Every structure is written in structure tokens, then in C-alpha cells.
Amino acid sequence: MIGKARSYIIYNYFKYILIILSIFVGLIWISQIIRILEFQYSISTQIFEIAQTTLLAIPSFINPLVPFLILIGSFMINTKIKNNNEIIILKQYLSISKLRGLFQTLIFLVFIIFILNNEIISNNFYEKYKIQELEIRNNLKLGSPAQNEFHIDDIVSIFFEEKVEDKFYNVEAIIYSENQFIVSKSVLIELSKSNFNLVFSNGERLILNDSEKSQTVFDKFTYILESKKYEELLKDKDHYNTYELISHTEKDFKNFGHNRIYQYFFLITIGLVSIKIIFFYSYKKNNLIKFSLIFILVLLTQVLNSYLVYLLNNYGDFNLNYFYSINFIFLSSLYYITTKILK
């Protein structure tokens, strides 16, 4: 029975965390898909590719949510235990000290997973995500080939019979701004350092505009889409682990690394608070107000931390000593006030 009691507690604890995680991650996933698409492009052939790519970004978005997931999970398991008087039943099989030790172990396990995700998993997945996102966004800028044709905004339209990777065969094209009509055996989409190029091969070009009226035969003709900039991969803070961040040459990267160290202490504090929440038992009283107040205090602590990061990045007089000192005062105050609320 003791083994079943432990299994029951572990199941319920992670069940609530995973339910909340699934909801938040689902919303983030949808928002990331929308962010890439930006409602500007044809998505008929690429929506599944975009959805699959955005899954790679999820590990990096989970980390900021973990403290709040633990907190909300603790609220929910406390409510379940209280409403069903399960704490009385559990006490028959496990002492309070053993129950407390079990939850401490569970929270420690979450902390280890958090570190592994923060330092290894999310970094690797995020780099793959950014590379694939870059490819998708650049492809979307060129339009989405459908029904053997594609259109790049109001600049050019291309009609073709066959497509192999980035090359189209038996092509007819219209360049609207210059009233150019092109027929060629093939056209290749070429990405230069700053522009998209359309390289036509073995064809004929007809120009009918106010400044020129001509017909030419060419072996190779390159049309540069100057307004379509090729997006380059620039490494941001989420590409690096904590050690790489604090060793970085740029100030904001270093500060981001130090803030990540602080977030570990923040998670530990939330773990201690959550244990108090789980074992807070007030008979026939609604704890919603108390739990809401604790949640607001935790959220406020993170908001204040964000402001300190802003000061660290923008004001030279505000250094790391101030940053850590003030943050730890906030954490100590959070734990102290929470303890008072739960008495």
C-alpha cells in the first residue's frame, strides 16, 4: 500500500503540471506558427512544415514557465487533497515527514530536468529551429509554388511545368514593373548575400515599356529582387548555455547569463514555497484568495527581476552586485511573506 500511495502522489503531482504545461505549450506553439506566417503568404504547401519546425522551439519556451507550472500544480494538488480529505488517508500509509520528503524529491527531479533543458536540450533544439525557420521565412518571401505557378508579391509571376528543388523548367515569367515577358527552359532561385536572384537560362525576353521596346534571345539572364532581402542566421542568447553566456564578449549576453543563474535560485525558492502550499491544510476554508495572492507575489518578483535586468543592460552604475543583492532580497521577502500567508 505504501508503494501505491507513493505512485498515487507522483501521478497526481505530474498530472497537473503536465496538463498546465500542455495548455501553455499549445498556445505558444500556435502563436509561433502565426508569427512565422504573419498572414501574408500562401501556406497551402508549407503549413505542416512550419508546424513541425515550431515544435523545435518549444523546449526553449518551457523554461520560463516551469516555476509557475510548479506553483499552479501545487495549488491544484492541495485543492484535490483538501476537498477529498486525501491527506488523512495518505497519513495512514506515509508519515508527514515521508510525504514531505517525497515532494522534495519530486521538485528536485523537476529542478534537474530544468537544468538539463536549460543548458543542453533547448540550446540544441533552438539552433535547429532557427535554421529551419530561416529557410522557411526565406522560402515564404519567394511565395509558395502551387498549381505550377507562384507569385512574388506584385513583382514577378512565374509559370512552369516542372520543379526540382529550387529550379523550375519550361518557364514563362512576367516582370510587372518593367513590362517584361520571359520564356526560358529553366529558372533557378539563387540566394546571394543580400538578395534573391532569379537566373533564367536559354530563353527569350520581350520588353514593352515607355523607355524600351525590344526582343532578345539569351543564354543566361539574371533578375535581382533587390527588395527581397535574404534573412541571415544571427545567434541570439538562446543559442548559448550559461557558461558561454557569462563568457561572452557582449554585455547583454553576459547579463542574460547571470540572470539565468538567478533563475535557478528563483526556481529553488518556488520549490520551497510549493511544498508549503501542498501541506497547507485549512479545514472548510476557501484558499483561493491566499493562493491568488501568492501567485501575484511570484509574478511581481519576476517583473521586478526583468526591470533589474533592464537596469543592468542600460545603466553602468547598476552592476552585478546590486543585481544579485536586490534579487535575493526579493526572493527572501517572497518566501517570508508566503510563509506568513500560509499560517
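The figures that follow rest on heavy atoms only: side chains count, while hydrogens, waters and symmetry mates do not. From a predicted model like this one, the values you see are computed outputs, not experimental measurements. All residue numbers in this chain count up from 1 along the given sequence.
Distance check, rounded to the nearest 0.5 Å: NZ of Lys237 to CD of Glu244 gives 15.0 Å.
Considering every non-hydrogen atom in both Lys167 and Ser186, the closest pair reads CE-OG, 3.5 Å. The shortest heavy-atom contact between Ser184 and Ser201 is CB-O, 3.4 Å.
Each side chain to side chain donor-acceptor pair (under 3.5 Å) pair with one or both residues in residues 308-322, not counting sequence neighbours, appears once here: Asn255-Asn313. Sequence neighbours left out, the pairs with a member in residues 326-337 that pass side chain to side chain donor-acceptor pair (under 3.5 Å) are Asn305-Asn327.
In this structure, Phe200 and Phe218 have perpendicular ring planes: the angle between them is above 60°, well past the 30° mark. Taking the six-membered ring for Trp and thresholds of 30 and 60 degrees, Phe328 and Tyr324 have nearly parallel ring planes, at less than 30 degrees apart. Taking the six-membered ring where the residue is Trp, Phe253 and His248 present parallel rings, their angle staying beneath 30° rather than reaching 60°.
Counted by atom type alone, Asn241 and Asn123 present zero donor-acceptor pairs between their side chains at under 3.5 Å. Between the side chains of Ser247 and Tyr240, not a single donor N or O lies within less than 3.5 Å of an accepting N or O.
Under the 4.5 Å side-chain heavy-atom criterion for Ile, Leu, Val, Met, Phe, Trp and Tyr, Val309 and Leu245 are members of distinct hydrophobic clusters. Hydrophobic clustering (ILVMFWY, side-chain heavy atoms < 4.5 Å, transitive): Phe256 and Phe266 are in distinct clusters.
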Glu212/Gln180 under side chain to side chain donor-acceptor pair (under 3.5 Å): CA gap, chis, key distance, verdict = CA-CA 10 Å; Glu212 182 181 357; Gln180 292 194 46; over 6 Å; no
Test side-chain contact (heavy atoms from CB on, under 4.5 Å) on Ser214 and Ile207 and set out the steps.
-> CA-CA 5 Å; Ser214 64; Ile207 301 176; 3.9 Å; yes
Take Phe68 and Phe295 through the ring-ring contact (aromatic ring centres under 6.0 Å, His included) test and state the conclusion after the steps.
-> CA-CA 8 Å; Phe68 296 97; Phe295 185 85; 5.7 Å; yes
Might you work through the side-chain contact (heavy atoms from CB on, under 4.5 Å) test for Phe318 and Leu308, ending with a clear yes or no?
-> CA-CA 9 Å; Phe318 190 84; Leu308 293 178; 3.5 Å; yes
For Leu71 and Ile277, what are the C-alpha separation, side-chain angles and deciding distance, and is it a side-chain contact (heavy atoms from CB on, under 4.5 Å)?
-> CA-CA 8 Å; Leu71 195 66; Ile277 292 170; 3.7 Å; yes
Can you check side-chain contact (heavy atoms from CB on, under 4.5 Å) on Tyr126 and His239, steps first, answer last?
-> CA-CA 7 Å; Tyr126 187 77; His239 281 91; 3.7 Å; yes
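A cation-pi arrangement is present between Arg205 and Phe221, with the terminal nitrogen or guanidinium carbon under 6.0 Å from the aromatic centre and inside a 45° cone about the axis.
For Phe159 and Phe168, the ring centers sit 6.0 Å or farther from each other.
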